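Each remark here refers to the structure printed beneath this line.
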Amino acid sequence: MPESLQACKMSISDRILSQRREKLAELRRLGVDPFANRFQPSHSIARIREQYDSLSGPELEGLQKTFQLAGRLMLLREFGKATFCHIQDGSGARIQAYAQKQVVGEEAFALFKKVDLGDIVGFEGTLFRTRTQELTLAVNKFTLLTKSLKPLPEKYHGLTDVETRYRQRYLDLMVNPQVREVFEKRSAVIRLVRQFLEGRGFLEVETPMMQPIPGGATARPFITHHQALDMTLYLRIAPELYLKRLVVGGLERVFEINRHSRNEGLSIQHNPEFTMLEFYQAYATYEDLMSFTEEIIAHVARTLLGTSKLQYQGQEIDLTPPWRRLDLRESLTAIGGIPREVVRDREALVALAREEGVTLRPGEGYGRALTKLFDLLVEGELQQPTFVLGYPLETSPLSRKSDTDPEVVDRFELFIAGREMANAFSELNDPDDQRQRFEQQLAAHQAGDEEMPHALDEDFVLALEHGMPPTAGEGIGIDRLVMLLTDSPSIRDVILFPQLRPER
RNA sequence: GGGCCGUUAACUCAGUCGGUAGAGUAUCUGCCUUUUAAGCAGAGAGUCGUUGGUUCGAAUCCAACACGGCCCA
């Protein structure tokens, strides 16, 4: 069968692949390595733009300077004896290049005619401006660096199919510049947070990702198994109990920025693994941490965006301190519309929670009803930054009891744009009280609550028995902070490889 | 787990009342030495997510399933 007829029967992707493989073979026949070993760019494209975008055509031509640039071919406009193309490099910037047969020579030009969109190429040349004043590299020498065997997504609309964007994030990054920007900002947020904490004398540490008893939060863990030790391990749901051991040991200001994993549902703001900053400061209280939180978040926003007033999903959010402080029970009345007498009446509130569809597990009562009703009625309304105070003891097993109200703990949660962004408290450092609260959690686990730890962390209690100074600690959700600062509606927009079901 | 929406060429999307599949980009061929989503002429390219069902006939109607999105739990 003639080759052309065979081609007719091929699907489009097969045909493009086979055409490109043919070119690959032909290049090899011509003695050209389609996966060249080494090319040293003299400049990134972003740097070229930074340095030379302001120069006029005559000024550029007066430079007498040769540049080596490398990048992926994103656009080709071919004429008979000349070609314009755009290349994009790791700096995210693009530049136009112009190759003329007359300049590069017949052989090199013939070779250049074989390149495809998506190939990675190296150019050597000088800078000039075209008639329309576009900064352009006049190519003297051309090197094919990497042959691409697959077509690029559409040049104008880019790639919009979210499933493909997540599954093949590299394509998303190639063609959607705003995606690269989000992840550059994510990196900057983490860098700024780290610098801020180091500036305040905090020590960065790493604690176990695999824990024999998953503690520090209420969540169902992922379970794994260590063969040599023949033991069950749990991917951590929080690093809290380890960081506090370090405070006992005298590391009085510690922080960790790392992944937590929780074996729960996925949503627009939940991924099974996500990134948190947790930090602990001895001789501080949760009140100190409120102003600390205002400072660090406002600092990151101002440095990153140049302002503390930002737009999130069409709404202005003002991060200028000080932020609103709101009592949990008060909020249920003021925002949730529940009469004060009902909020204060334990039985009436539990009954109301049930009416609202809240399921209370064994051992859960008034405290849980309060926080669940808050989640339902108040959380989404807290658009401007708000510290919520007065959390019930029942739902705060690691927090210090209030000195003035035994039913609540010294704790706050921070809400911005209707989402929990941070959770902080003065730490419980009474080992006997901690043991009792662990025992209650254990009882809840034994009653079937899989979000409670399966064993009592004796080792942590032992650490507390050695004495932990008065300490306050906090967790800040990095993904959610990045969502806020990049105006991203979904957590999947700020995680490079969000969890998806395998493709079939 | 439940509800709603989506899935058509490599990509971005049309596809009317059920009548046998369309455009742009990309690809291939030809022309073209300053283009700007370059242009002109031509060509090829489809398991309409999958599996069933209804029908003379299904991308289109129905059901189940898969994957994705949003909302709820």
Side-chain angles (χ1 to χ4, degrees), chain A residues 2-23 26 57 60-61 73-87 94-106 109 112-119 125 127-139 148-168 171-172 174-176 264-271 313 353-354 356-361 372 375-377 379-380 418 488-493 498-504:
Chain A
E3 215 170 284
S4 58
L5 282 182
Q6 259 175 4
C8 290
K9 297 197 164 191
M10 277 186 211
S11 77
I12 220 163
S13 55
D14 286 346
R15 203 159 49 99
I16 289 172
L17 184 66
S18 82
Q19 281 163 353
R20 294 211 175 179
R21 286 202 175 277
E22 251 169 62
K23 286 183 185 171
E26 194 183 344
L60 288 171
E61 275 151 55
L73 274 167
M74 302 304 290
L75 184 145
L76 274 169
R77 291 190 194 111
E78 291 182 285
F79 294 77
K81 298 186 180 71
T83 296
F84 287 96
C85 63
H86 288 187
I87 57 169
R94 291 186 184 193
I95 193 167
Q96 177 167 270
Y98 182 53
Q100 294 178 92
K101 186 174 181 177
Q102 192 189 326
V103 173
V104 298
E106 199 147 327
F109 193 73
F112 187 61
K113 281 281 192 184
K114 293 190 198 307
V115 297
D116 293 299
L117 284 182
D119 287 355
L127 289 173
F128 76 108
R129 285 196 185 273
T130 63
R131 272 179 204 158
T132 51
Q133 297 306 305
E134 178 155 354
L135 183 68
T136 302
L137 185 81
V139 176
S148 166
L149 299 174
K150 295 284 189 183
L152 282 179
E154 210 249 6
K155 69 176 173 185
Y156 187 61
H157 298 94
L159 182 67
T160 62
D161 180 76
V162 285
E163 193 172 345
T164 310
R165 288 183 44 223
Y166 298 152
R167 289 193 197 279
Q168 294 179 274
L171 291 177
D172 195 22
M174 272 180 219
V175 300
N176 294 326
E264 293 167 352
L266 287 75
S267 84
I268 201 162
Q269 50 177 327
H270 296 89
N271 193 63
Q313 301 297 294
R354 291 218 164 92
E356 293 284 337
V358 173
T359 47
L360 297 174
R361 289 169 293 199
K372 281 302 216 178
D375 292 349
L376 233 43
L377 303 173
E379 180 173 17
S488 299
S490 169
I491 196 169
R492 296 178 194 99
D493 298 327
Q499 200 57 243
L500 299 177
R501 284 195 175 85
E503 224 173 346
R504 293 274 166 93

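These figures come from a predicted structure and were not determined experimentally. Lettering of chains follows the sequences in order, A, B, ..., and the numbering in each one begins at 1.
- Spacing between B:rA14 and B:rU25 at atom C1', rounded to whole Å, works out to 15 Å.
- Between the P atoms of B:rC61 and B:rG15, the separation comes to 12 Å (whole Å).
- Looking at heavy-atom distances under 4.0 Å, A:Y166 makes contact with sugar-phosphate atoms alone, never a base.
- On the P atoms, B:rU7 is 12 Å away from B:rU16, given to the nearest whole Å.
- Interface remark: the A:E134 side chain does form a donor-acceptor pair with the B:rU36 base, using a distance-only criterion of under 3.5 Å.
- For the pair A:K81 and A:L117, both in contact range of RNA chain B, the more 5′-proximal nearest nucleotide belongs to A:L117.
- The separation between A:L500 atom CG and B:rG69 atom C1' is 11 Å, rounded to whole Å.
- Smallest separation of non-hydrogen atoms from A:I16 and A:P151: CG2-CD, 3.9 Å.
- Remark: A:T164 is not in phosphate contact with B:rA10, judged by side-chain N or O atoms under 4.0 Å from OP1 or OP2.
- Atom pair A:L137:CG and B:rU34:P shows a separation of 18 Å (rounding to whole Å applied).
- Regarding contacts with the backbone of B:rC70, a side-chain N or O of A:R492 is found under 4.0 angstrom from either OP1 or OP2.
- Ring stacking is absent between A:F79 and B:rU33, as the pair misses the limits of under 5.5 Å between centres and under 30 degrees between planes.
- Side-chain to base pairing of A:T130 with B:rU36: one donor and one acceptor N or O lie within less than 3.5 Å of each other.
- Side chain of A:T132, nearest nucleotide from B:rC28, B:rU35, B:rU12: B:rU35.
- OP1 and OP2 of B:rC28 both lie 4.0 Å or more from every side-chain N or O belonging to A:R15.
- Remark: side-chain polar atoms of A:N271 are paired, donor with acceptor, to backbone N or O of A:Q499 under 3.5 angstrom.
- With a cut-off of 3.5 Å on both pairing distances, B:rA45 has no Watson-Crick or G-U wobble partner at all.
- Judged by distance alone, with hydrogens and angles left aside, the side-chain atoms of A:E154 form a donor-acceptor pair with the main-chain N or O of A:H157 at under 3.5 Å.
- You won't find any donor-acceptor pair under 3.5 Å spanning the side chain of A:R501 and the base of B:rG68, going by distance alone.
- Nucleotides B:rG39 and B:rC67, compared at atom P, are 42 Å apart to the nearest Å.
- Note on A:G158: only backbone sugar-phosphate atoms sit closer than 4.0 angstrom, heavy atoms only; bases stay farther off.
- Using a 4.0 Å heavy-atom cutoff across all strands shown, A:L376 reaches sugar-phosphate atoms only and no base atom.
- B:rC5 and B:rC65 have their P atoms separated by 16 Å, with the value rounded to a whole Å.
- Comparing B:rU33 with B:rG46, their C1' atoms are spaced 39 Å from each other, to the whole Å.
- Using a 4.0 Å heavy-atom criterion, one finds that A:K23 contacts the sugar-phosphate atoms exclusively.
- The partner of B:rC61 is B:rG53, by the rule that a Watson-Crick or G-U pair needs both atom distances under 3.5 Å.
- For A:L171 and B:rA26, the CG to C1' distance is 14 Å, given to the nearest whole Å.
- Across A:R492 and A:P498, no two heavy atoms sit closer than the pair CG-CB, 3.7 Å.
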* For A:T130 and A:F84, run side chain to side chain contact (heavy atoms under 4.5 Å, CB included): C-alpha distance rounded to whole Å, both residues' side-chain angles, the deciding distance at 0.1 Å, then the answer. => CA-CA 11 Å; A:T130 63; A:F84 287 96; 4.3 Å; yes

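- Considering only side-chain N and O atoms, A:K155 lies under 4.0 angstrom from the phosphate OP1 or OP2 of B:rA26.
- Within 4.0 Å (heavy atoms only), A:F128 reaches at least one base atom of the nucleic acid.
- Across all strands shown, B:rG24 forms a Watson-Crick or G-U wobble pair, both distances under 3.5 Å, with B:rC11.
- In this structure, A:S488 and A:Q313 approach most closely via the heavy-atom pair C-NE2, 4.1 Å.
- Between A:D116 and A:Q100, the residue anchored closer to the 5' end of RNA chain B is A:D116, taking for each the nucleotide with the nearest heavy atom.
- Going from atom CZ of A:F84 over to atom C1' of B:rU35 covers 5 Å, rounded to whole Å.
- Residue contacts shown for A:L152 are absent, as no nucleic acid heavy atom lies under 4.0 Å away.
- For the pair A:E78 and A:K113, the minimum side-chain heavy-atom distance is below 4.5 Å.
- As the counterpart of B:rG6, B:rC67 is assigned, both hydrogen-bonding distances of the Watson-Crick or G-U wobble pattern falling under 3.5 Å.
- When the P atom of B:rC71 is taken as reference, atom CD of A:Q269 falls 9 Å away, rounded to whole Å.
- Nucleotide B:rU36: unpaired (no Watson-Crick or G-U wobble partner with both distances less than 3.5 Å).
- Between the P atom of B:rU29 and the CD atom of A:Q19 lies a distance of 8 Å, rounded to the nearest Å.
- Distance CD (A:E78) to P (B:rU35): 16 Å, rounded to an integer number of Å.
- Atoms CD1 (A:I16) and P (B:rA43) sit 19 Å apart, rounded to a whole Å.
- In this structure, A:L500 and A:E163 approach most closely via the heavy-atom pair CD1-O, 4.4 Å.
- Across B:rC72 and B:rC11, the matching C1' atoms stand 34 Å from one another, rounded to whole Å.
- Under a 3.5 Å cut-off, the side chain of A:R21 and the backbone N or O of A:L149 do not form any donor-acceptor pair.
- Listed pair A:R167 / B:rG68 meets the phosphate criterion, a side-chain N or O lying under 4.0 Å from OP1 or OP2.
- Comparing the P positions of B:rA58 and B:rC71 gives a spacing of 38 Å, expressed to the nearest Å.
- Residue contacts shown for A:I268 are limited to sugar-phosphate atoms, with no base heavy atom under 4.0 Å away.
- With a cut-off of 3.5 Å on both Watson-Crick or G-U wobble distances, the partner of B:rG1 is given as B:rC72.
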